[in-house]
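Note sheet for the following structure.
Remember, it's 1-based here, ligands and their atoms both numbered in the order they're listed. Small disclaimer: the values here were computed from a predicted structure and weren't measured.
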Amino acid sequence: MAGRKLFWQIYPAFLLITLLSLAAVSIYASQSLYRFYLDQVGSDLISRARLLADELESGTALADAAKVDDLCKRLGRNSSVRITVIDPSGRVIGDSMENPALMANHSDRPEVIAALAGQLGRSQRMSPTLKEPMIYAALPLEKGGKVIGVVRTAASLQSISKAVRGIYFKIAFAGLVIALLSGLITLAISRRISRPLEELKRGAEIFARGELGRKLSVAGSEEIAGLVETMNQMAAQLDERIRAISSQRNEQDAILGSMVEGVLAVDSHERLLSVNAAGLRMLGISPELKGRSIQELIRNPALQRLIRKTLTEPGPVEGEIVLEQETSKFLQAHGAIISDARDQGSGAVIVLNDITRLKQLENLRKEFVANVSHELKTPVTALKGFVETLLDGALKNPEDAARFVNIISEQADRLNRIIDDLLLLSRIEQEDEKIGLKLEPARIRPILASAVSALQPAAAGKKIPLELSCPEDLSAKVNADLLEQAVINLVDNALKYSEPGNAVRVEAKKDPGWLVITVEDRGIGIDKAHLSRIFERFYVVDKSRSRKLGGTGLGLAIVKHIARAHQGSVSVESIPGQGSKFSICIPAN
Ligand code: ADP
């Protein structure tokens with residue numbers, strides 16, 4: 001609950017205390033003053049009475065009532081004190097204000113009773129004669145140890161009150177001035193106490209807004225100065241810590257952001273805490289979805305199971321996950337628990353490794369091994385079959401024997417070709433992967449001419465003209481042997497799949513930055529459906545035709561690898577029935 005402002009708590013309390021004390025002091029002072037005044041008047045009355053008593057006791061005047069009355073009137077003329085002389089019977093024999101003959105017997109007055117008993121009499125009461133409150137003092141007149149009368153002096157209480165009232169007004173006025181002054185002083189003091197606290201509050205608000213670099217300066221007492229100093233130190237420390245934390249965080253973000261592995265963190269309720277850029281990409285989620293549950297975000301039961309297992313079981317967890325997106329994605333996941341300061345699991349971190357390419361390579365390898373085995377098995381089976389036939393008696397028939405041995409020789413050649421091609425392929429791959437293919441600047445024309453002349457006899461045999469077009473000065477950084485092999489493979493194919501008379505043309509030219517070698521024939525062409533696959537190992541369009549022509553299905557795969565080893569590529573354009581055009585494209589320098 002928000003309390004009142006400190007100023008409004010201090011100021012009214014101070015003011016109330018001041019006013020109450022002022023009022024108490026004023027009242028006490030007024031009363032004391034009144035009492036003091038009364039005492040003074042009482043003493044004055046007694047001393048005046050004493051003077052008259054002395055005079056009356058020493059002379060004989062008391063016997064003459066008229067004389068006594070005259071004396072009273074004379075003495076009382078110039079003062080406000082009333083003087084009365086009374087005989088022992090209570091009869092008034094002299095009075096400064098009234099005619100004694102008209103006055104009642106005074107023997108019942110309390111001060112007179114006391115004086116007649118030989119004591120000093122005092123009283124305050126209404127005067128039945130004057131009808132106003134009066135203060136009285138009475139002294140006995142004694143002669144020879146006998147009371148012979150009473151001298152009484154009296155003063156009006158109203159005149160005392162009147163005199164005191166003036167002083168009351170002065171006290172009240174002074175009180176008012178003091179109250180006003182103390183109100184102002186209290187205001188200043190309250191401000192002085194509350195202002196530094198308000199400034200401190202504003203300073204704390206500035207810190208709370210995060211402006212921790214600011215320094216507070218509040219003028220005030222030693223305690224306030226100490227508090228300000230402590231707050232400034234606290235803010236500076238906080239600022240330093242926040243900076244350290246945010247720089248650590250930035251570092252962490254930079255590291256996580258640059259990782260190729262996907263990293264995601266979840267809390268103990270399987271809600272996504274954070275995920276790096278690679279993780280977002282792999283899982284196809286957006287960063288705004290932090291805080292949502294994994295079940296909702298990633299609809300992959302295997303990953304959900306792995307996260308649950310990481311959170312519930314001790315030790316790291318490992319597993320493989322397949323994400324069915326446009327294409328299947330294979331991820332290797334490692335899960336580990338995140339421990340908090342008390343060494344209790346507060347969540348889990350999952351690291352995802354995209355192993356799709358590895359998987360593809362592994363599949364390719366498996367496929368390749370299967371293909372190789374199959375391709376090798378065919379000639380070996382044929383060899384074994386014919387050898388057995390020969391052993392079973394065909395040897396005895398020279399005609400059959402010659403035919404079978406011929407076939408055996410052909411199959412052995414085929415086996416040899418396949419093994420040669422495989423060895424070549426693995427050589428290219430190994431050299432390219434391990435040390436990089438050795439490329440040297442060389443003129444291109446001699447390389448192409450050598451390939452063409454190697455196949456010239458075969459072309460002549462099929463009556464196919466072989467044309468070569470290449471500028472003399474064309475050169476590039478190449479591996480001459482392998483480039484020649486690639487051209488031989490392409491020309492060999494062109495001759496194999498062309499009818500006699502249809503020329504095969506080998507051409508090399510410069511395309512800005514690139515060297516392009518094309519081998520073009522006007523042969524049978526390749527159907528569009530096969531174009532994307534003919535560069536795969538062992539892929540052939542027509543198996544029996546390829547085999548009949550001595551093909552291994554590895555020729556174009558070798559060309560592709562040679563082009564790649566030159567940081568280039570190979571492509572094909574073909575129209576069935578019209579011919580094909582293969583192009584090797586490698587960087588000119
Ligand atoms: P092969 O040893 O069977 O020739 P390649 O890898 O060299 O194997 O070629 C793969 C397939 O591509 C061949 O089987 C053939 O069907 C097709 N092919 C290659 N070159 C040509 C071409 N110049 N004309 C038509 N078809 C071709």
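- Only the side chain of Lys496 comes within 4.0 Å of ligand 1, counting heavy atoms alone; its backbone N, CA, C and O stay farther away.
- Side chain to side chain, Ser544 and Asp542 meet the donor-acceptor criterion of an N or O pair below 3.5 Å.
- When only interatomic distances are considered, the shortest N/O to N/O separation between Gly553 and ligand 1 falls below 3.5 Å.
- Leu425 approaches His561 most closely through the heavy-atom pair CD2-ND1, 3.7 Å.
- Both cation-pi conditions hold for Lys359 and Phe330: the charged atom is under 6.0 angstrom from the six-membered ring centre and inside a 45 degree cone around its axis.
- For ligand 1, one of its N or O atoms has an N or O atom of Leu556 under 3.5 Å away.
- Those atoms of ligand 1 with a heavy atom of Asn493 less than 4.0 angstrom away are 4 (O), 5 (P), 7 (O), 9 (O), 19 (C), 20 (N), 23 (N).
- When the options Asn489, Val540, Ile534 are ranked by their closest heavy atom to atom 12 (O) of ligand 1, first place goes to Ile534.
- Nearest protein heavy-atom contact of atom 3 (O) of ligand 1 is Ser546 OG, 2.7 Å.
- Residue contacts with ligand 1 include Ala494, since one or more of its heavy atoms lies under 4.0 Å from the ligand.
- The existence of a salt bridge linking Glu270 and Arg308 is confirmed by a sub-4.0 Å separation between a basic side-chain nitrogen and an acidic carboxylate oxygen.
- The residue from Phe582, Phe535, Tyr539, Tyr497 that puts a heavy atom closest to atom 10 (C) of ligand 1 is Tyr539.
- Within the listing of ligand 1, atoms 2 (O) sit less than 4.0 angstrom from a heavy atom of Thr552.
- Note that Arg537 lies in the cation-pi zone of Phe368, set by a 6.0 Å cut-off to the ring centre and a 45° limit from the axis.
- Judged purely by distance below 3.5 Å, without hydrogens or angles, the side chains of Asn300 and Gln304 never pair a donor atom with an acceptor atom.
- Residue Val541 has at least one heavy-atom neighbour below 4.0 Å for each of these atoms of ligand 1: 14 (O), 16 (O).
- Under 4.0 angstrom from ligand 1, there are no non-hydrogen atoms of Leu549.
- Leu556 is listed as a side-chain neighbour of Leu490, based on a closest heavy-atom distance under 4.5 Å.
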